Amino acid sequence: MKYLVIGSDGPGFTGPDEAIEVLETGILPTFAALMKLEEEGRIVAGGLPVGDRAFVFIAEADSHEELDGWLRDLPAWGALQWDVTPLQSFDARARKEHQAIEQLRRDRV
């Protein structure tokens with residue numbers, strides 16, 4: 001299954017010391033984890049909206065539980081607001097629409 005994943009509302013900083021700490025302990029390790037997931041094919045596309053403290057990507061997972069597990073393993077998991085949307089394939093939706101057309105045609109008669 002494919003999922004649209006958005007991690008937003010990233011932490012801000014009150015000063016340089018806090019910025020260094022958050023970047024070194026949370027954000028940069030999260031980049032490394034996401035790049036590894038991308039290399040493994042578990043993230044199929046994604047990036048960061050320019051100028052925003054957010055991550056946006058399309059993930060590939062066998063189940064909701066699998067995706068939840070590796071999202072929770074991300075260093076920045078607890079610092080971001082996560083929105084996850086399961087995606088239906090174009091093919092599956094097209095087949096459903098063809099079925100709807102056929103049913104509408106049968107009901108017209």
Side-chain angles (χ1 to χ4, degrees):
M1 295 179 62
K2 287 189 175 71
Y3 299 85
L4 172 63
V5 180
I6 302 171
S8 60
D9 297 327
F13 317 117
T14 58
D17 291 337
E18 185 180 14
I20 291 168
E21 164 124 16
V22 170
L23 290 170
E24 285 183 339
T25 63
I27 303 305
L28 288 175
T30 297
F31 283 141
L34 292 172
M35 288 185 291
K36 183 174 187 266
L37 291 166
E38 193 171 37
E39 288 171 12
E40 295 170 354
R42 293 161 72 184
I43 291 178
V44 296
L48 290 84
V50 174
D52 199 353
R53 293 186 319 266
F55 299 99
V56 178
F57 53 90
I58 304 291
E60 181 88 43
D62 292 331
S63 67
H64 301 334
E65 292 76 17
E66 178 187 357
L67 177 64
D68 182 66
W70 60 261
L71 284 177
R72 286 174 172 270
D73 287 342
L74 292 174
W77 178 79
L80 300 173
Q81 170 73 36
W82 293 96
D83 292 309
V84 178
T85 305
L87 299 174
Q88 184 178 28
S89 72
F90 296 123
D91 179 62
R93 186 56 180 260
R95 282 186 277 128
K96 188 74 168 169
E97 299 304 340
H98 282 293
Q99 291 172 352
I101 290 169
E102 291 304 316
Q103 184 64 48
L104 290 168
R105 286 188 174 140
R106 283 192 297 273
D107 292 347
R108 258 190 343 190
V109 180

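Being a predicted model, the structure only gives us computed values, none of them experimental. In what follows, residues are counted from 1 in the order of the sequence shown.
- Looking at heavy atoms from C-beta onward, L104 lies out of side-chain contact with R108 at the 4.5 angstrom threshold.
- In plain terms, the two heavy atoms of A61 and W70 that are nearest each other are CB-NE1, 4.4 Å.
- In terms of heavy-atom proximity, S89 sits nearest to A92 at OG-N, 2.9 Å.
- D73 CG to D68 CG: the interatomic distance, rounded to the nearest 0.5 Å, is 9.5 Å.
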- Going through the distances and angles, do L37 and F57 end up as a side-chain contact (heavy atoms from CB on, under 4.5 Å)? CA-CA 11 Å; L37 291 166; F57 53 90; over 6 Å; no
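- The heavy-atom pair separating G26 from P75 by the smallest distance is O-CB, 3.7 Å.
- Exactly one of K2, M1, R42 qualifies for a side chain to side chain contact (heavy atoms under 4.5 Å, CB included) with E60. That residue is K2.
- Once rounded to the nearest 0.5 Å, the distance linking CD1 of I6 with CG of L80 reads 12.0 Å.
- Contact record, S8 with A54: CA-CB, 3.9 Å, taken as the closest heavy-atom pair.
- A distance of 8.0 Å separates CG of D9 from CG of D52, quoted to the nearest 0.5 Å.
- L71 and M35 fall within the same hydrophobic cluster, where Ile, Leu, Val, Met, Phe, Trp and Tyr residues are linked whenever their side-chain heavy atoms come under 4.5 Å apart, directly or through other members.
- Linking Ile, Leu, Val, Met, Phe, Trp and Tyr residues whenever their side-chain heavy atoms come within less than 4.5 Å leaves V84 and V56 in two separate clusters.
- In this structure, CZ on F31 lies 8.5 Å from CG on L23, to the nearest 0.5 angstrom.
- The structure places CZ of F13 at 11.0 Å from CD of E21, a figure rounded to the nearest 0.5 Å.
- In the hydrophobic cluster analysis, where Ile, Leu, Val, Met, Phe, Trp and Tyr join through side-chain heavy atoms closer than 4.5 angstrom, L4 is grouped apart from I43.
- Here the closest non-hydrogen pair linking A76 and T30 is N-OG1, 2.9 Å.
- Counting non-hydrogen atoms of other residues, nucleotides and ligands closer than 6.0 Å to CG of D62 gives a total of 12 or fewer.
- More than 12 heavy atoms of other residues, nucleotides or ligands sit less than 6.0 Å from atom CD of E66.
- Using modelled atom types, no side-chain atom of W82 and backbone atom of V5 make a donor-acceptor pair closer than 3.5 Å.
- Both V44 and L87 sit in one connected hydrophobic cluster of ILVMFWY residues. Membership requires side-chain heavy atoms under 4.5 Å apart, directly or through other members.
- A salt bridge does not link E39 with K36: none of the charged nitrogens is closer than 4.0 Å to a carboxylate oxygen.
- Note: I58 CD1 to Y3 OH = 12.0 Å, rounded to the nearest 0.5 Å.
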